[in-house]
Amino acid sequence: QELYEEAATLNDTWLARNPTHKAATLLHLRILTRRGDVRYLAGSPTQAQPFYVDTVAFGVGLIEQGHADLERVKTTSQASLRIADCNAEAGDLKAMLARVQEARLLLEKHISEADAPKVKRDIALVLRRHGFALYEQISAAKNAEAARREARSFYEQSLSHFKSLANAAPANGRAQRDWAWSRYYLAYLESGGGDEPRGRAELKAGAELLLQYLVRNPDDADARKDLPLYIEQVVGLEPYLGGPPLVSTTIARCRELLQPVLAQRPNDELLAVVLKTIVELPKQN
């Protein structure tokens, strides 16, 4: 927090000399966002929110003056999503949905066709958040079934974007993880009364994506971290998506593919811990 405050002081001097300078304004947006982030991560969303609000106000002001370049629009949109997080923490579902819609509109209105591929991930994230915000608001006002009907298309559009990104970059770990987790989020939406067979299939497919990527890239730290986390979600959702044997078959699949990798890497203690953690998950739950 102290370092971000120092950065803000330094950059404000630069910004005062040239209020529309591209680098200075972008740094101002990013520093404001980070000043909010450190407070949010420290468990103080109410203290974080004013920094996010200032970020959006400053960014929108630049955009309205004609400075709607890719990075400034993206940063402003992301700050609007962070305000939505604060609204969610406060239980203000109406405000949360409004901020998610604002984030989406910023991208759709101000990103050129040439820059669109560079924000495909941002759009996919916003679509999913839009679905989540709709679901939460409609569930509170009506019921889960009505909420699913309204939210489902947003989750499906988000998944489609992530799938496209993953297929275009099979060696990109983040793209593969995004696709896998987008399948989990759709499974979660369908759990407990939705399209449970669809949710079960998506949940299983997401685990397979993460597993296959880890087999191909056993040194990838993010892949080693994500697979146990995902299998933990499989354990949690199984009762709401038709019940056994989804967990046992998924863990058996992990053993089937990871044990040969470990046989070729007998000193790979980190990967051994991954498999051990996965195998023991049902016992922990």
Engineer: Looking at S248 and P244, would you say the former's side chain and the latter's main chain have a donor-acceptor pair under 3.5 Å?
Structural biologist: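 Absent.
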Engineer: Using 4.0 Å as the upper bound for N to carboxylate O, is an ion pair formed by R30 and E71?
Structural biologist: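 Salt bridge: yes.
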Engineer: Minimum heavy-atom separation for A79 and T33, please, with both atom names.
Structural biologist: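 Minimum heavy-atom separation between A79 and T33: CB-OG1, 4.3 Å.
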Engineer: Taking the side chain as everything from C-beta on, heavy atoms only, tell me whether R174 gets closer than 4.5 Å to D222.
Structural biologist: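 The answer is no, as the side chains (C-beta and beyond) never meet within the 4.5 Å cut-off.
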Engineer: Mind running side-chain contact (heavy atoms from CB on, under 4.5 Å) on R82 and T55 for me, showing each step along the way?
Structural biologist: CA-CA 10 Å; R82 283 172 164 84; T55 305; over 6 Å; no
Engineer: Measure across R152 and D195 and return the closest heavy-atom pair with its distance rounded to 0.1 Å.
Structural biologist: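 Scanning both residues completely, I find the closest heavy atoms to be NH2-N, 4.3 Å.
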Engineer: Are side-chain heavy atoms of L227 and L258 found at a separation under 4.5 Å?
Structural biologist: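 Yes - at least one pair of side-chain heavy atoms lies under 4.5 Å apart.
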Engineer: With T250, which of L281, V235, V234 fulfils side-chain contact (heavy atoms from CB on, under 4.5 Å)?
Structural biologist: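 Of all the options given, the one that passes is V234.
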Engineer: Taking E190 for the side chain and R148 for the main chain, is one N or O donor matched with an acceptor at less than 3.5 Å?
Structural biologist: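 Here the side-chain-to-backbone pair does not exist.
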Engineer: Between E150 and K142, does any NZ, NE, NH1 or NH2 come within less than 4.0 Å of an OD or OE carboxylate oxygen?
Structural biologist: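 Salt bridge between K142 and E150, a charged N being under 4.0 Å from a carboxylate O: no.
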Engineer: Between N11 (side chain only) and A24 (backbone N and O only), is there a donor and an acceptor less than 3.5 Å apart?
Structural biologist: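 Yes, because the side chain of N11 sits within donor-acceptor range (under 3.5 Å) of the backbone of A24.
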Engineer: Keeping to residues at least two apart or across chains, list the ring-ring contact (aromatic ring centres under 6.0 Å, His included) pairs with something in residues 228-277.
Structural biologist: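 ring-ring contact (aromatic ring centres under 6.0 Å, His included) check on residues 228-277 returns W181-Y230.
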Engineer: Checking side-chain contact (heavy atoms from CB on, under 4.5 Å) for the pair V215/L211: CA distance, chi angles, key distance, verdict?
Structural biologist: CA-CA 6 Å; V215 168; L211 175 58; 4.3 Å; yes
Engineer: Less than 4.0 Å between a side-chain N and a carboxylate O, is that true for E145 and R149?
Structural biologist: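 Yes, charged N to carboxylate O under 4.0 Å.
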Engineer: Would you please say whether a donor-acceptor pair under 3.5 Å links the side chains of K120 and S164?
Structural biologist: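 A pair is found: one side chain offers a donor N or O, the other an acceptor, under 3.5 Å apart.
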Engineer: Between N217 (side chain only) and Y213 (backbone N and O only), is there a donor and an acceptor less than 3.5 Å apart?
Structural biologist: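 Between the backbone of Y213 and the side chain of N217 there is a qualifying donor-acceptor contact (under 3.5 Å).
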Engineer: For A207 and I231, which heavy atoms make the closest approach, and how far apart are they?
Structural biologist: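 Closest pair (atom of A207, atom of I231, distance): CB-CD1, 4.1 Å.
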Engineer: For R255, what residues pass the salt bridge (Lys or Arg N to Asp or Glu O under 4.0 Å) criterion, not counting sequence neighbours?
Structural biologist: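 Salt bridge (Lys or Arg N to Asp or Glu O under 4.0 Å) list for R255, sorted by chain: empty.
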Engineer: In sequence, state the C-alpha distance, the side-chain angles, and the governing distance for I63 and K109, and then conclude on side-chain contact (heavy atoms from CB on, under 4.5 Å).
Structural biologist: CA-CA 11 Å; I63 291 165; K109 186 176 179 181; over 6 Å; no
Engineer: Of the non-hydrogen atoms in E238 and P245, which two are nearest, and what is the gap between them?
Structural biologist: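 Smallest interatomic distance, heavy atoms only, reads OE2-C, 3.6 Å.
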Engineer: Under 4.5 Å between side-chain heavy atoms, hopping through other hydrophobics if needed: is there a path connecting I138 to M96?
Structural biologist: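 In one cluster with I138: M96, no.
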Engineer: Report the C-alpha distance between N18 and T20 in whole Å, list the side-chain angles of each, state the deciding distance to 0.1 Å, and finish with yes or no for side-chain contact (heavy atoms from CB on, under 4.5 Å).
Structural biologist: CA-CA 6 Å; N18 194 337; T20 60; 3.6 Å; yes
Engineer: Which atom names give the shortest non-hydrogen contact between H21 and A23, and what distance separates them?
Structural biologist: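 What the structure gives for the nearest pair is ND1-N, 3.2 Å.
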Engineer: Just by distance, do the side chain of S80 and the backbone of S77 share a donor-acceptor pair under 3.5 Å?
Structural biologist: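 No; judged by distance alone, with no hydrogens or angles, the pair does not exist.
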Engineer: Can you tell whether the side chains of R121 and D178 come within less than 4.0 Å, N to carboxylate O?
Structural biologist: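 A salt bridge links R121 with D178.
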Engineer: Would you say the side chain of L159 lies within less than 4.5 Å of the side chain of R183, judging by non-hydrogen atoms?
Structural biologist: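 SC-SC contact between R183 and L159 confirmed.
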Engineer: Do we see a donor-acceptor contact under 3.5 Å between the side chains of D37 and Y52?
Structural biologist: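 A pair is found: one side chain offers a donor N or O, the other an acceptor, under 3.5 Å apart.
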Engineer: Test: ring-ring contact (aromatic ring centres under 6.0 Å, His included). Region: residues 119-156. Which pairs qualify, not counting sequence neighbours?
Structural biologist: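 Counting only pairs at least two positions apart or across chains, the ring-ring contact (aromatic ring centres under 6.0 Å, His included) contacts touching residues 119-156 are H130-F154.
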Engineer: Give the minimum heavy-atom separation between A133 and V100, together with the two atoms involved.
Structural biologist: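 Closest heavy-atom pair between A133 and V100: CB-CG2, 4.3 Å.
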Engineer: Taking 4.0 angstrom as the limit, do D115 and K74 come out as a salt bridge?
Structural biologist: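 A salt bridge is absent here (no side-chain N lies under 4.0 Å from a carboxylate O).
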Engineer: Side chains of E89 and Y40: any donor to acceptor distance under 3.5 Å?
Structural biologist: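 Checked: Y40/E89 side chains pair up, N/O donor to acceptor below 3.5 Å.
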Engineer: Any Lys/Arg nitrogen of R99 or D92 sitting under 4.0 Å from an Asp/Glu carboxylate oxygen of the other?
Structural biologist: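 Here R99 does not pair with D92 in a salt bridge, since their nearest N and O are not under 4.0 Å apart.
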Engineer: Between T25 and R72, do the side chains contain an N or O donor and an N or O acceptor separated by less than 3.5 Å?
Structural biologist: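 On atom types as modelled, these side chains qualify, holding a pair under 3.5 Å.
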Engineer: Between E208 and Q212, do the side chains contain a donor N or O and an acceptor N or O under 3.5 Å apart?
Structural biologist: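 A pair is found: one side chain offers a donor N or O, the other an acceptor, under 3.5 Å apart.
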